[in-house]
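In this text the structure is predicted, and so the values were computed from the model without any measurement. Order of the sequence lines sets the chain letters (A, B, ...), proteins ahead of strands, with each chain counted from 1.
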There are 2 protein chains.
Amino acid sequence: MRPEHTHVPALPPSPHADGNCRAVASVLARVGDKWSVLVIMMLIDGPVRFNELKRMIGGISQRMLTLTLRGLERDGLVTRTIFPTIPPRVDYELTDLGRGLAQPVQALGKWAFEHLPEIEGARTSFDARNGQG
Amino acid sequence: MRPEHTHVPALPPSPHADGNCRAVASVLARVGDKWSVLVIMMLIDGPVRFNELKRMIGGISQRMLTLTLRGLERDGLVTRTIFPTIPPRVDYELTDLGRGLAQPVQALGKWAFEHLPEIEGARTSFDARNGQG
DNA sequence: CTGTATCCGACGTGATACTG
DNA sequence: CAGTATCACGTCGGATACAG
């Protein structure tokens, strides 16, 4: 038995980046979510319906779209507006917070787009080097 | 050789891009990687050794650090310099590409940090609403 | 010190079927 | 049309042991 191992209460006493780092990481995780960014991008132009969104993204399952939208809504990035009509209609729209997030995300996306050749080249080169031995 | 492949058959006339979206998504995925961003941040000041990195991050396993660094190296974001000494020493350093990426990432991190209260507030509010009813 | 290989649990993801 | 519930699968991630 290792009593010392079972009890892990202490977190590293980092001076600056301790709790904040974690919290920021959670936001970064949202951005890194396979679908979140796509959804945000699709909502930039204005409110979009559920299936419309699903159609625009293409390749996302109903489940994942629902979960993604839930997460986004939870973080206060999108709003969900229900129209109690028949058939039911639900609009998703970016909040101010969401639009604010979209900006740095777009900057990142722009960077990614511009440097795609370099990255893909680096990958090819690396794979070749690795593959050859 | 496949001449067909070199010619990029049909790109959609969409202004949002379609095939590019995928590629960009892969870069976003890197950013969303739990550890990649942290590693990049740690390397901004200059080259860092393996265990030093592991220590700075704190909470990352040896395996994950290795894999993360591999991925970063593959994408041409960091370089790996081996000093054939005893004991062996390996320095990891950001490339120009990596430093370039660090910029928008930092912008995103800054945004995240500044809007943490709002996001956490939204989460609490959402959870309360969801929990109660 | 710097990695690699292996086992194993946790979680994300998708397909399907069902409800309002 | 919008959303939930369930199951099955693959990958991610950590702990450990081992190697150069």
With B:Leu94, the side chain to side chain contact (heavy atoms under 4.5 Å, CB included) member among B:Leu43, B:Leu77, B:Thr79, B:Val48: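 With B:Leu94 as partner, B:Leu43, B:Leu77, B:Thr79, B:Val48 yield a single side chain to side chain contact (heavy atoms under 4.5 Å, CB included), made by B:Leu43.
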So among A:Leu72, A:Leu101, A:Val105, which one has a side chain to side chain contact (heavy atoms under 4.5 Å, CB included) with A:Arg30?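 For A:Arg30, the side chain to side chain contact (heavy atoms under 4.5 Å, CB included) test succeeds with only one of A:Leu72, A:Leu101, A:Val105, which is A:Leu72.
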Looking at residues 81-92 of chain B, who's got a heavy atom less than 4.0 Å off DNA chain C?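 Heavy-atom contacts with DNA chain C come from B:Pro87, B:Pro88, B:Val90, B:Tyr92.
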Looking at A:Phe83, does the NZ or CZ of A:Arg89 lie under 6.0 angstrom from its six-membered ring centre and within 45 degrees of the ring axis?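 Checked: cation-pi criterion met.
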All N/O pairs under 3.5 Å across the protein-nucleotides 4-7 of chain D interface:
from	atom 1	to	atom 2	distance (Å)
D:dT4	OP1	A:Arg70	NH2	2.4
D:dT4	OP2	A:Arg70	NH2	3.2

Interface polar pairs with nucleotides 9-11 of chain C, N/O, under 3.5 angstrom:
none

How about A:Arg99: does its CZ atom have over 12 heavy atoms from other parts shown lying under 6.0 Å from it?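 Count over threshold, so yes.
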Within the supplied structure, the quantity of interest is the number of heavy atoms (other residues, nucleotides, ligands) at a distance under 6.0 Å from B:Gln103 CD; does it exceed 12?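 Result for CD/B:Gln103: open.
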Can you see which heavy atom on [X] is nearest to which on [Y], and at what distance?
{"X": "A:Gly100", "Y": "A:Pro104", "value": "O-CD, 2.9 Å"}
{"X": "A:Gly76", "Y": "A:Thr95", "value": "O-OG1, 2.7 Å"}
{"X": "B:Asp91", "Y": "B:Pro47", "value": "OD2-CB, 4.0 Å"}

Rounded to the nearest Å, what distance is computed from the [atom1] atom of residue [X] to the [atom2] atom of nucleotide [N]?
{"X": "B:Leu69", "N": "C:dT2", "atom1": "CG", "atom2": "P", "value": "11 Å"}
{"X": "B:Leu65", "N": "D:dC12", "atom1": "CG", "atom2": "C1'", "value": "16 Å"}
{"X": "A:Ile60", "N": "C:dA15", "atom1": "CD1", "atom2": "P", "value": "11 Å"}
{"X": "B:Asn51", "N": "C:dG3", "atom1": "CG", "atom2": "P", "value": "9 Å"}
{"X": "A:Met64", "N": "C:dG14", "atom1": "CE", "atom2": "C1'", "value": "7 Å"}
{"X": "A:Arg49", "N": "D:dC1", "atom1": "CZ", "atom2": "P", "value": "7 Å"}
{"X": "A:Asp33", "N": "D:dT11", "atom1": "CG", "atom2": "P", "value": "19 Å"}

So, the side chain of B:Ser125 versus the backbone of B:Gly121: is there a donor-acceptor pair under 3.5 Å, distance only?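 No; zero donor-acceptor contacts below 3.5 Å.
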So if I take the C1' atoms of five pairs at each end of the helix from C:dC1-D:dG20 to C:dG20-D:dC1 and get each local axis, what angle do the two axes make, rounded to 10 degrees?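 Nearest ten degrees gives 40° for this helix.
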Would you say that [X] contacts [Y] through its side chain, given a criterion of any heavy-atom pair below 4.5 Å between the two side chains?
{"X": "A:Phe126", "Y": "B:Arg70", "answer": "yes"}
{"X": "A:Gln62", "Y": "A:Phe50", "answer": "yes"}
{"X": "A:Ile57", "Y": "A:Val39", "answer": "yes"}

Residue mapping more 5' on DNA chain C - nearest nucleotide basis, B:Glu52 or A:Leu67: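 Taking each residue's closest nucleotide, the earlier one in sequence belongs to B:Glu52.
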List the atom pairs, with distances to 0.1 Å, where a side-chain N or O of residues 106-115 of chain A and a protein N or O form a donor-acceptor pair under 3.5 Å, not counting sequence neighbours.
from	atom 1	to	atom 2	distance (Å)
A:Trp111	NE1	A:His115	NE2	3.2
A:His115	ND1	A:Glu118	OE2	2.8

Salt bridge (Lys or Arg N to Asp or Glu O under 4.0 Å) involving B:Asp45 - partner list, sequence neighbours excluded: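 B:Asp45: no salt bridge (Lys or Arg N to Asp or Glu O under 4.0 Å) contacts found.
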For the side chain of A:Trp35, counting heavy atoms from C-beta on, which of C:dG14, D:dG14, D:dA2 is nearest?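 So the nucleotide nearest the side chain must be C:dG14.
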